[in-house]
Amino acid sequence: MSKNYKNPARYRLDFIKENTFNRVWSLRMTRTKVTLVTAAVVAGGAALLWVIMAYTPMRTLLPGSLRGDLRAQYLEMALRLDSLEQKARINDAYLAGIVAVVTDSLPEDSAMRRAAETIIASDSLLASTEAERRFVQSYQEEERFNLSVLAPIAAEGMIFGRPVAAASQAVLSTESVPALIISAGRSVPVTAVYRGTVVGVSVNTDGRYTVMIQHPNDFVSVYSGIGEVLTQKGRKLAGGQSIGLTPAKGNIAFELWHNGTALDPGMYVPAQ
């Protein structure tokens with residue numbers, strides 16, 4: 001009894017020289033070999049792509065694969081760019097004031113015009129009169145603790161926290177230097193209102209501590225009357241990090257300064 005044999009399908013790839021029609025190279029494969037070679041090429045390409053993405057800088061193009069140090073660098077660069085923009089706005093405001101003084105375009109009733117006129121008058125060859133000296137002295141006393149007009153510009157993008165989150169009351173003092181008088185009624189943590197570096201820790205004769213923190217954009221916060229201090233000079237702090245404890249009895253005073261000018265803390269620190 002005869003049997004029917006079926007030859008498997010075969011494929012051939014020929015490379016022929018066109019001008020002489022000579023076969024240069026020929027490749028014969030069955031369907032199984034074609035399938036295996038195709039699968040091998042696809043697997044090799046996928047492996048090569050995986051190696052490139054895993055061991056070359058191209059892996060940073062994948063979502064969520066950015067290294068932590070690079071993310072921190074990008075964040076720091078963004079913060080520096082924001083600080084440069086704030087400095088540029090401050091310089092623009094300063095230059096605008098100079099231009100206004102030089103071009104004599106200040107309002108008639110502005111304090112800057114009065115100051116400029118006082119400076120010009122003091123440069124005269126004649127000695128200043130008693131009335132002029134009294135005016136200069138009164139102007140200096142009035143402007144001594146004025147809030148810096150540049151402080152709100154410098155504070156853009158900065159969110160200050162409360163120095164004592166559990167304080168029962170916070171009343172603005174009526175002293176020459178504005179301060180928040182905070183009474184907690186018990187020993188609770190005193191925290192930094194913003195990130196910065198501790199530049200001073202001192203203690204008075206009553207055993208109460210004063211902590212001074214330097215913040216970005218030339219802001220300085222001062223915490224007086226702390227019962228127990230939990231930080232030291234030179235330490236870098238994050239916003240909300242504890243620096244001490246309030247006394248069980250008594251109050252603490254919080255001051256905020258910018259470029260040597262005392263600010264109203266109530267304008268920058270939330271009441272609640």
Side-chain angles (χ1 to χ4, degrees), residues 1-92 152-162 165 189 191-199 213-219 221 230-243 268-270 272:
M1 182 171 58
S2 62
K3 295 183 180 180
N4 295 326
Y5 292 95
K6 186 178 181 181
N7 291 329
R10 296 177 180 275
Y11 303 89
R12 185 173 67 181
L13 179 63
D14 292 334
F15 291 87
I16 299 175
K17 190 174 182 180
E18 186 176 0
N19 55 351
T20 61
F21 296 99
N22 293 331
R23 184 180 295 109
V24 179
W25 184 68
S26 179
L27 176 64
R28 294 184 178 88
M29 291 187 297
T30 63
R31 180 178 298 178
T32 303
K33 289 183 178 181
V34 171
T35 303
L36 292 177
V37 169
T38 304
V41 170
V42 173
L48 178 62
L49 181 62
W50 179 83
V51 170
I52 292 175
M53 288 299 183
Y55 298 100
T56 65
M58 290 186 65
R59 66 179 181 274
T60 58
L61 301 177
L62 297 177
S65 61
L66 188 64
R67 297 203 312 268
D69 56 343
L70 291 178
R71 187 180 294 106
Q73 291 178 11
Y74 293 158
L75 180 59
E76 183 179 0
M77 291 174 61
L79 293 176
R80 288 185 177 181
L81 179 60
D82 184 65
S83 299
L84 289 175
E85 291 178 351
Q86 294 178 5
K87 290 291 186 182
R89 287 196 294 269
I90 293 173
N91 290 335
D92 290 342
I153 300 177
E156 289 184 5
M158 301 177 65
I159 302 177
F160 293 96
R162 299 186 64 189
T191 58
V193 296
Y194 198 75
R195 62 182 176 89
T197 304
V198 178
V199 295
I213 302 176
Q214 175 71 59
H215 303 288
N217 300 337
D218 299 322
F219 283 92
S221 59
L230 302 177
T231 188
Q232 60 184 358
K233 184 177 180 180
R235 177 172 296 178
K236 295 185 180 298
L237 303 173
Q241 186 172 349
S242 297
I243 60 174
Y268 300 89
V269 176
Q272 298 293 337

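A quick note: this is a predicted structure, and the numbers were derived from the prediction, not measured.
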Colleague: Give the intermediate values and the outcome of side chain to side chain contact (heavy atoms under 4.5 Å, CB included) for residues Asp218 and Lys87.
Modeller: CA-CA 11 Å; Asp218 299 322; Lys87 290 291 186 182; 3.2 Å; yes
Colleague: Minimum heavy-atom separation for Ala238 and Ala192, please, with both atom names.
Modeller: O-CB, 4.0 Å
Colleague: Determine the minimum heavy-atom distance between Ser26 and Asp14, stating which atoms define it.
Modeller: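 Looks like OG-OD1, 2.6 Å.
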Colleague: Can you label the angle between the Tyr194 ring and the His215 ring as parallel, tilted or perpendicular, going by 30° and 60°?
Modeller: perpendicular
Colleague: Hey, what do you get for CZ (Arg195) to NZ (Lys236), rounding to the nearest 0.5 Å?
Modeller: 10.0 Å
Colleague: How many angstroms lie between atom CE of Met158 and atom CG of Asn217, to the nearest 0.5 angstrom?
Modeller: 5.0 Å
Colleague: Find out whether Arg235 and Ile213 are in side-chain contact, i.e. whether some heavy atom of one side chain is under 4.5 Å from a heavy atom of the other.
Modeller: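 No. Closest side-chain heavy atoms not under 4.5 Å.
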Colleague: Would you check if the side chain of Thr191 reaches a backbone N or O of Arg162 as a donor-acceptor pair within less than 3.5 Å?
Modeller: yes
Colleague: Please answer whether the main-chain N or O of Phe219 pairs with a side-chain N or O of Gln214 as donor and acceptor at a distance below 3.5 Å.
Modeller: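 Yes: the side chain of Gln214 pairs with the backbone of Phe219.
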Colleague: Heavy-atom count around Ile159 CD1 within 6.0 Å, excluding the residue itself: above 12?
Modeller: no
Colleague: Rounded to the nearest 0.5 Å, what's the gap from CG on Leu237 to OG on Ser221? Could you check?
Modeller: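 If I round to the nearest 0.5 Å, the distance is 9.0 Å.
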Colleague: Do you know the tightest heavy-atom contact between Gly161 and Val269?
Modeller: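 In terms of heavy atoms, the two residues are closest at O-CG1, 3.4 Å.
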